[in-house]
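Along the sequence shown, residues carry numbers from 1.
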Amino acid sequence: MFGKIRVFLEMIKIEHTLFALPFAFMGMLLGSVVINGHLPSWAQAGWILLAMIGARSAAMGMNRLIDRYIDAKNPRTEKRAIPAGLLKTSEVAIFVVVFLGLFLWATWELSRFALTLFPIALALILLYSYTKRFTWLCHIVLGATIALAPLGGWAAVTDSFSWSSLVFYIAIAFWTAGFDVIYACDDIDFDRKEGIYSIPSRFGLEKALKIAQGFHIVTAIGLISLVFITPLGWWYAAGVVIACSILFYQHRIVKPSDLSRVQTAFFTMNSWLSSIVFVFTLIDLVVKFW
């Protein structure tokens, strides 16, 4: 039993939750402070955590199901749970349904307005897994999907959107798209051979990395803009300086001639970035409302 649980956790890359979860909580914090004038409740934080677990687990399960034949051909992914025979497609399908149920339940408990995002999130989750079959804009679709986490966190506590929430959404969407482009560089040869669409396979490594840099410049501008359009102050600004330094370093260590550190740029750097921005945001807001 525990062995099977480990296989499921490996399938969904549970550790990658560190990417989006801090930004979901940050959306919750900002929305509550900007619109409601106070910090969110522990109950709201708990339901947002469950919504994130449900949404991300279901999304990864769907992606593994839809991509199982592609994964079986790719030397980098052929040992994933489904192509390796560690999990049956029926088991993963049940897993997806269960966690979609958790996502729907948590969203229902948060707010009726947040519930309106559920079908949008579901549509984007499904769309992303197919976009690599027909457009190199698949990275943008992934960004738009992942960025629903902070937007949903905001909507869950405010029952509304604002310009601040949309700026934040765009910043996170382009952050995700940028690191996904970097990650896709590892598969450039396979993607070209199999006709898989991606920015690296379409434009080559050098141009792809420049496009990723451009995406991350949008992210930096968006995060900096929040200093001027929200109550965030110096603590948050310090966190953004660190985050921008991480983005800069990420692009320094990945080069067209050397992709050996793609995994470091993809996982380690981005986990640190989202966590740092969230922690400094939390400190900033707690100091203001203590």
Side-chain angles (χ1 to χ4, degrees), residues 13-27 29-30 56 76 136 138-140 142-147 149-150 167-189 191 198-228 230 232-284:
K13 297 293 182 184
I14 191 67
E15 67 274 14
H16 289 185
T17 305
L18 290 172
F19 289 172
L21 183 58
F23 283 132
F25 282 140
M26 184 173 161
L29 283 171
L30 283 178
R56 192 184 179 284
R76 185 180 63 79
W136 50 265
C138 53
H139 314 282
I140 301 292
L142 177 64
T145 305
I146 298 281
V167 168
F168 190 33
Y169 175 79
I170 292 169
I172 304 310
F174 278 94
W175 168 66
T176 305
F179 73 65
D180 192 55
V181 171
I182 294 172
Y183 186 60
C185 288
D186 261 350
D187 286 334
I188 183 171
D189 293 332
D191 288 350
S198 72
I199 285 178
S201 67
R202 171 64 178 81
F203 297 100
L205 292 176
E206 186 172 352
K207 287 184 179 179
L209 291 175
K210 287 182 178 178
I211 290 170
Q213 289 176 7
F215 286 171
H216 284 158
I217 288 172
V218 174
T219 296
I221 292 171
L223 293 177
I224 292 169
S225 297
L226 292 179
V227 176
F228 304 99
T230 70
L232 292 169
W234 289 108
W235 277 104
Y236 168 77
V240 169
V241 169
I242 298 172
C244 290
S245 299
I246 291 173
L247 286 176
F248 176 78
Y249 178 69
Q250 185 178 129
H251 289 282
R252 291 280 293 177
I253 65 175
V254 178
K255 301 175 182 178
S257 58
D258 182 10
L259 299 178
S260 62
R261 302 181 75 181
V262 164
Q263 290 296 325
T264 300
F266 175 73
F267 178 63
T268 308
M269 294 291 98
N270 287 296
S271 296
W272 275 105
L273 186 149
S274 58
S275 298
I276 286 170
V277 175
F278 168 68
V279 168
F280 276 80
T281 299
L282 179 61
I283 293 171
D284 195 299

What do the steps show when you test Asn270 against Tyr183 for side-chain contact (heavy atoms from CB on, under 4.5 Å), and what is the final call?
-> CA-CA 12 Å; Asn270 287 296; Tyr183 186 60; over 6 Å; no
Output, in order, the C-alpha distance, side-chain angles, deciding distance and verdict of side-chain contact (heavy atoms from CB on, under 4.5 Å) for Trp175 and Val218.
-> CA-CA 8 Å; Trp175 168 66; Val218 174; over 6 Å; no
Candidate pair Lys255 and Leu205, rule side-chain contact (heavy atoms from CB on, under 4.5 Å), full reasoning | CA-CA 8 Å; Lys255 301 175 182 178; Leu205 292 176; over 6 Å; no
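Atom NZ of Lys207 and atom CD of Gln213 lie 14.5 Å apart (nearest 0.5 Å). A distance of 5.0 Å separates CG of Leu232 from CG of Leu30, quoted to the nearest 0.5 Å. Note that CZ of Phe179 and CD1 of Ile146 are 6.5 Å apart. Values are rounded to the nearest 0.5 Å. Atom CG of Asp180 and atom OG of Ser198 lie 9.0 Å apart (nearest 0.5 Å). Note that OG of Ser274 is 11.5 Å distant from CE of Met269, once rounded to the nearest 0.5 Å. Rounded to the nearest 0.5 angstrom, Ile170 CD1 and Leu223 CG are separated by 12.0 Å.
Side-chain contact between Leu209 and Cys185: present, with at least one pair of heavy atoms (C-beta onward) separated by less than 4.5 Å. Within the 4.5 Å cutoff, no side-chain heavy atoms of Thr176 are placed close to those of Phe215. With contacts defined as side-chain heavy-atom distances shorter than 4.5 Å, the pair Ile188/Arg202 does not qualify.
In this structure, the side chain of His216 does not engage the main chain of Leu247 through any donor-acceptor pair within 3.5 Å. Side-chain N or O atoms of Ser275 include none that pairs as donor or acceptor with a backbone N or O of Trp272 at under 3.5 Å. Judged by distance alone, the side chain of Thr219 and the main-chain N or O of Ala171 form a donor-acceptor pair under 3.5 Å. Judged by distance alone, with hydrogens and angles left aside, the side-chain atoms of Asp284 form a donor-acceptor pair with the main-chain N or O of Tyr236 at under 3.5 Å. Within the 3.5 Å criterion, the main-chain N or O of Gly178 finds no donor-acceptor partner in the side chain of His139.
By the ring pair (Phe, Tyr, Trp, His ring centres under 6.0 Å) test, Trp235 is found to be paired with no residue, residues two or more places apart in sequence or in another chain being considered.
Heavy-atom minimum distance, Val167 versus Ser225: CG1-CB, 4.2 Å. The heavy-atom pair separating Asp191 from Ser201 by the smallest distance is CB-CB, 3.9 Å. The minimum heavy-atom distance linking Leu273 with Ala243 is given by the pair CD1-O, 3.5 Å. The shortest non-hydrogen separation linking Ile276 to Gly239 is CG2-O, 4.0 Å. Nearest approach of Phe168 to Pro150, heavy atoms of both residues: CE2-CB, 3.4 Å.
The pair Arg76-Asp186 fails the salt-bridge criterion, with no side-chain N (NZ, NE, NH1 or NH2) lying under 4.0 Å from an Asp/Glu carboxylate O.
Using cut-offs of 30° and 60° on the angle between ring planes, the pair Phe25 and Phe278 is tilted.
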